[in-house]
Amino acid sequence: MAKGKIPPEFLVERDDYKCVRCLACVRLCSYGANYYDENAKRVYTENRKCVGCHFCEAMCPTEAITVMRNPFEIKPLAHWTSEHLIDIMKQAETGGVLLTSMGNDRPYFSYFDRIVLNASQVTNPSIDPLREPMEVRTYLGRKQMKLDLEEDEEGRVLLKTEIAPQLKLEVPVMFSAMSYGSISLNAMLSLAEAAKTVGTYFNTGEGGLPKELKRYGSNMIVQVASGRFGVNVDYLNAGSAVEIKIGQGAKPGIGGHLPGEKVTEAISETRMIPVGTDALSPAPHHDIYSIEDLRQLIYAIKEATRYEKPVGVKIAAVHNVAPIAAGMVRAGADYIVIDGIRGGTGAAPKVTRDHVGIPIEFAVAVVDQRLREEGIRHMASVVVAGGIRNSADVIKAIALGADAVYIGTAALVALGCHLCQRCYLGKCNWGIATQDPKLTKRLNPEIGARRLVNLLRAWEHEIKEILGGMGINAIESLRGNRDMLRGVGLHEYELKLLGIKPAGEAW
Amino acid sequence: MVGIDAKGWHYRELNETIWKAVGEGENEIIVENVCGQRYIGAGLKRKVKILLNGVPGNDLGAFMDGPEIVVYGNCQDGVGNTMNSGKIVIHGCAGDILGYSMRGGQIYVKGHAGYRVGIHMKAYKERYPVIVVGGFVRDFLGEYMAGGLILILGLERDEDGNVTGDFVGTGMHGGEIFVRGPVEERKLGKEVKIFEPTIDDMNRVTPYVKEFCDLFGYNFEEVMSEKFVLLKPYTHRPYGRLYAY
Amino acid sequence: MPYSLSSLIPDKHFRVPSACGVSGIMNTSGERFSGEVVVTSMSVMRERGNGLGAGFAAYGIYPELKDYYCFHMLYDSAYAKKNTEEYLANHYEIVESEPIPTRKNPRIKEVHILWRYFLKPKFPETVTEEDFVVSTVMFINEKIEGAFVMSSGKNMGVFKGVGFPEDIGDFYRIDEYKGYIWTAHNRFPTNTVGWWGGAHPFSILDWTVVHNGEISSYGVNKRFLESYGYKCTLMTDTEVIAYLVDLFMRRFKYSPAITAKILAAPFWKDIDSMPEEERLLYSALRMNYGGALLNGPFAIIVANRNMMMGLNDRIKLRPLVAAVKGDFLYIASEEAAIRIVCPDPEIVWAPKAGEPVVGVLRSEESVSLKV
Amino acid sequence: MIGVRKILIREEYCMGCKLCEINCVAAQVGTENLIKIFRYVPELPEPKVIVEEHDYITFALQCRNCYDASCLKACMTGAMHRDPRTGAITVNEEKCVGCWMCVMVCPFGVVKRNVKKKKVASKCDLCAERGSPACVEGCPNEALVLIEVRE
Amino acid sequence: MRYVIVGSGPAGLSAIEAIREVDGEGEVILITAEKFVGYSKPLITYLLGGKVTKENMYYRTEERLREINVEVRSATKVEKVLVDERAVVTHTGEKVVFDKLLLAVGGRPFVPKIEGLDQKEGIFTFTTWEDEERIEEYVKRRGITKAVVLGGGLIGLKTAEALMDLGVKVTIVEVADRILPVTFDKKASEMIERALETLGCEVITNDTVVEVRGRKAISSVVLKSGKEIPTGLLVIAIGVRPNVEFLKGSGIEVNRGILVNERMETNVEGIYAAGDCAEFYDLVDGQRKVIAIWPVAVAQGRVAGYNMAGRNVRYPGSIPMNSVEIAGVPTVSVGHSNVEGEEYEIFTYEDGRTYKKVVIKDNKLVGAIFVNDIDRAGIYTGLILQKLDASSFKEKLLAEDFGLVYLPREFRKKMLEGEMRIWLE
């Protein structure tokens, strides 16, 4: 049967009047989509090569370029959309699993968008966050049900209970685990520097620790995943906390695979594997087949780090998330990370990314509730990840019961990412998801850090605005304060799971 | 002159009586046994002198435009709330939000005052509000202040030896605060800075210090002998970078 | 809960924010004085309420029966009374059972059966006596329809209802009682009809709280308390204060000062600049008990048989004045409320934001660490 | 000791887009509107910034305004001089006779010959007229940064 | 402190500026035999050719010198240096005492013995503005249409070009087998010669003037080959020698030029020399040489000036270099480019219009020639002066896109971030 060409996804339109033939677009496209025709003295694009990263559009000094979606549709069918047809064609041609990157883009219902926030009117004053103190500092780690105090001979009250190690966040937003390999060193440096400036944490991901990041230890969480890349005792002790990764929202239940050709000299050094070998992260940790095995690993890490660092455990939000979370806490996790169905990734099978897991809004609500019911909520902090897009999502997540959130995609977007979903190709024009030195240098970590700091500071301001509006001046008064939330257009069972009332209902 | 005994009176009763006396052209009204009656002098527009013995209630002299009120005793919250002109002299201490949104006139407090003194005070045209506090003040002095003059003399210090509380001048974008005695840098809102007053600056202050000393019997030279600091906003746009486009 | 415009639902069913006036008077040497004083004090703060709630807590009023837990009850019906008494009889020896004496007052619409019991627990083996009483209160309030425990301490009682303080005081014959601590409240609830149980003081064991302001962190505080076994059923933010105080001061035996530093925690910037040991202590308190931070505007007076504490929020959004004369400690929303009963105190001051004012009974051993 | 403004070259961030070159040309023409320049200016000047490129190494290079500048020493007419205002070494085209001594000695190879009108040496003057260098402003990745150096 | 500077050429003037950078107070006296002070000698050929105005002859002005508090004594010739008395004696017999002395007296044109040279009008050397005034006056007054330039070096060529600009037909006579025999190689010389010829200039090589004919004024010259060339003007431009005769017996050591150390100090403490009169080491071959070129004079003058004023600065050595543009053909020669031998690795590039050559010795660049495409020649100059090991990039040296990008990363980084101090150490 005849092979049909799959139509280009994007069209790159160029206003020839505006084009000054600077050829920046030609020089800069890593996919080689743009070219210059000497004879015609004009610049053209091979649309089929365009992935829609918008880099040329952003760089064009005269705004001559517009990258747009190809309005072409095979047929306007509601069920058999062009996307499905094209996927089928690709698979019919290759016989392969569809690969994709970044977060779930199916139009699942966003519960964050159906939750509204409260504000003070008359009965209590709202607080001006710019002028009055407004505190968003958050500590992650094991807390006590009861602190024992004692009095010394001078009558001063002293703390008797020993406090478990904590992570101190000046803003309750951290940067998600993204490994060296999946993102460039410059991207990591941007995250690290921003974390340091703002007073929060970034996460090395499972790819080991590039030496350039060692100096950011006091703002770093090191991750231990099934591949154990780059993991040794120095690594465990290099950061402020250790995070065991069981799963991630984009691909619950499956592992990772960094192809050998991407294992460069530098990656080899940090992953501690020979240059050119495949870096395989198995789906499970092969020393964890059950909850008690998790406990064993947690305590092995605690031993190795002399109980000086919080140990966290990250899982994907799946159907049974609440009991699993409770088990993790009882197994000794000082903080747990729940990554929802919209979590991002460098590469995942499309079918997994788009169809496995549950929305984070439910996950955090049921986990928080379950831990409270079991009386162990204080034993671990809850960090929420997976599709946090703005400060409102942060606020809602915290009010639903999170202590802090992780952002990955949002951070990458701040660095330039346009979600073209082609990270797995390693040719990221924005210099983020690539190791090509020609491309990585496009991300200047000074600019990157500045943009991330701006983002976090902006969110911080917004969080403070909202807190002030609610008449509270400390984030702990928001944490789990579901009274501040109301659902709009949600069913009763959804409201029940979220633990919130419908809009219109008073206290 | 008319005398009123306010003992056991509800504020409506008391204030009706005062309004009536003012309406009848009385120039001086003395009220005895004031205790918690609110809104005394509120909205009065005539130049009349009201002497109060006791503790008046909240919002003393609110929206007042002309009268002089002298209180022999402490005052509660909200003295001189949105006052337009006139004068309030307190031979005691004052509560919170002293001179809230005050646009003109003068308030003299012999003792200390509470939180948010001079909050939102603003000068307008010929109006120039002035607050003079003899003792210390609590947090948020001059919050949102947009104009006028606040003078804290620190003749009495708080339990930690301070003249001001925390968050001084937060949100301040106009006017001046003079403090006699030191102010710690870390207690300042991010909008204000400490300046050394010039001779011109001090010349603006001296008449009010003098008046204060005359009112409460302090030695002017002694009061002036200690160093003053001047707190002023240093930028009109402290939040310039706060908003995205 | 369905909302009907035609008939306002009593605020029993909603959490109602309210702004109010408070007053507390204590004789630190334990000398008892008439409740008339505190009624007078409240009378000058009439403007702070709207007649939808007032109440008094009195300590030392039942010296003859001081060894028994005194339950002040509100019943909606004889049926509720019967159920409660059955339940009590199973767990307690009922030493006395009598109506709470009242006086006819034209402005008070009596809607409840008001009753008091003096009880002796049939001591259970698994919990302390006090925890046992707490669980009784929780049970009655939550499970027995139409019954509400106003107070449950020894040698003390709470008298509250819907009305202005003077009327409620008159109704309950407050002037006939003598106590060494009196706290009082004048309520200004919004949007609903006040109900008797929703008036202040709130009480558990011999803890009482009167409160002016609104606890915006209620949702957090409630869930925090739930993990310690408290059931917040009264839909009122003041309730959480009572339980928090019970948790920290009775169960954890923290001093009033430490408790104050949990409920109105110092700012991080101030904690950061404290000396090492203090910094450790206050960081730990904040980290661990963040859920107990009372946020929003408040001024409260907390009392138990040994002490009375006034406290307001961290940025002083509600007023509070204190005064001392001789053995008397006065705390009130307005200075006038003190001056009316004590025209010439030795000292009068407005406590700093988040700084507690504590009076401790000198004659008896205090329940906790000293201030 | 003078504070000298300098353009810091950071090859690790240069992506080789060469926008600095076209911004330089625009600045020389004297308008920011690239489209107009491209459409209506008949003969465009040469950029005074050179983008060097080999493999993944790319960087934009323009006059370093050396403290101990070879071109200043080599200039026999006094045409090459340091602008006291900006600290930038500038060519007085009136005085330049085109002997190319400066071209011969500049170790960065950034003094060029401009033979379009009168033969004169041509080099970056940090956009003295414009205020701030166009190449720096136009660099999308801050691979060029204007700094002030205390000598 | 009294500084006496003898000579107002680039060495003398840059020394003064260096002194003033360090010492704003000391007394500075500039003594020069010239009438004009602060003008640029190389510009005299441009002036003659009408390519530069008189105002633009000055690269520093007397005013500027007065501003920085320099006492200028022009048209004053120093005839003696009294080392013991620490004074110089001028032609008027005046003694000027110094604490520090700089001899920046430059060179004197060399005039060979030629029959019939004496006492004839129309014969000139050409090294000063006064020479230019005389030649210009003579050419215009006599309506000269033909001229002979003896010497195919740089000055000779520039003189010839200037005369041609005045409409004079010029013949260049060079004793060597090609013009510019010292600094350029055969190929380059040929290309320049061709360029000269396009302007209508006749170039005679392997020959020289042996006789000047004419009665009162010159009418023709006779070459060694026997050829007679009628001419109204003879400019002798066969070279300049260091102006050092007056130091004979002063106690200051002189070889070809005044011997100096790396601080530009002579054997006599406090007496310095710089520029065309000084002899120092060639940076490449390590030989003592007088390298009479402008940038060397400026650099040496600066070094001398700093050292005189008390700042210790060392001069690393010079290399010969020249840049000349004839008939629109720009050329550059740097270092030891005109060499042969096994020890040299030579790469060339030629495409008819352009000629490029690099000479490498011991893996280091030692010389380079550029004809027509000279735009980034300075990079090569820098590499020669820096003596950078070129093994990693020598193959790329003549690539069209050769630039700093091919240099070792660390070196480039140092260049780009810091700066190259190649004239002072």
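Just so it is clear: chains get the letters A, B, ... in the order the sequence lines come, proteins before strands, and each one is counted from 1.
Looking only at heavy-atom pairs under 4.5 Å with chain B, the residue among C:Glu47, C:Met45, C:Arg46, C:Arg339 that has the most is C:Glu47. Note on B:Asn74, B:Asn33, B:Val34, B:Asp158: by heavy-atom pairs under 4.5 Å with chain C, the leading option is B:Asn74.
Using a 4.5 Å cut-off between heavy atoms, C:Val348 touches chain B through its side chain atoms alone. With a 4.5 Å cut-off on non-hydrogen atoms, B:His112 does not touch chain C at all. Looking at B:Cys35, the atoms closer than 4.5 Å to chain C (heavy atoms on both sides) sit in the backbone and in the side chain alike. Of the atoms belonging to B:Gln37, not a single heavy atom falls under 4.5 Å from chain C.
Contact record, C:Met307 with C:Pro256: SD-CG, 3.7 Å, taken as the closest heavy-atom pair. A pairwise comparison of heavy atoms in C:Tyr218 and C:Asp237 identifies CD1-CA, 3.5 Å as the closest pair.
In this pair, C:Phe56 and C:Trp182 present their aromatic rings perpendicular. The plane angle is above 60°, beyond the 30 to 60° band. Taking the six-membered ring for Trp and thresholds of 30 and 60 degrees, B:Phe167 and C:Phe267 have ring planes more than 60 degrees apart, a perpendicular arrangement.
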Determine, stepwise, if the pair B:Ser101 / B:Lys122 fulfils side-chain hydrogen bond (donor to acceptor under 3.5 Å, both in side chains). CA-CA 6 Å; B:Ser101 255; B:Lys122 44 180 84 77; 3.1 Å; yes

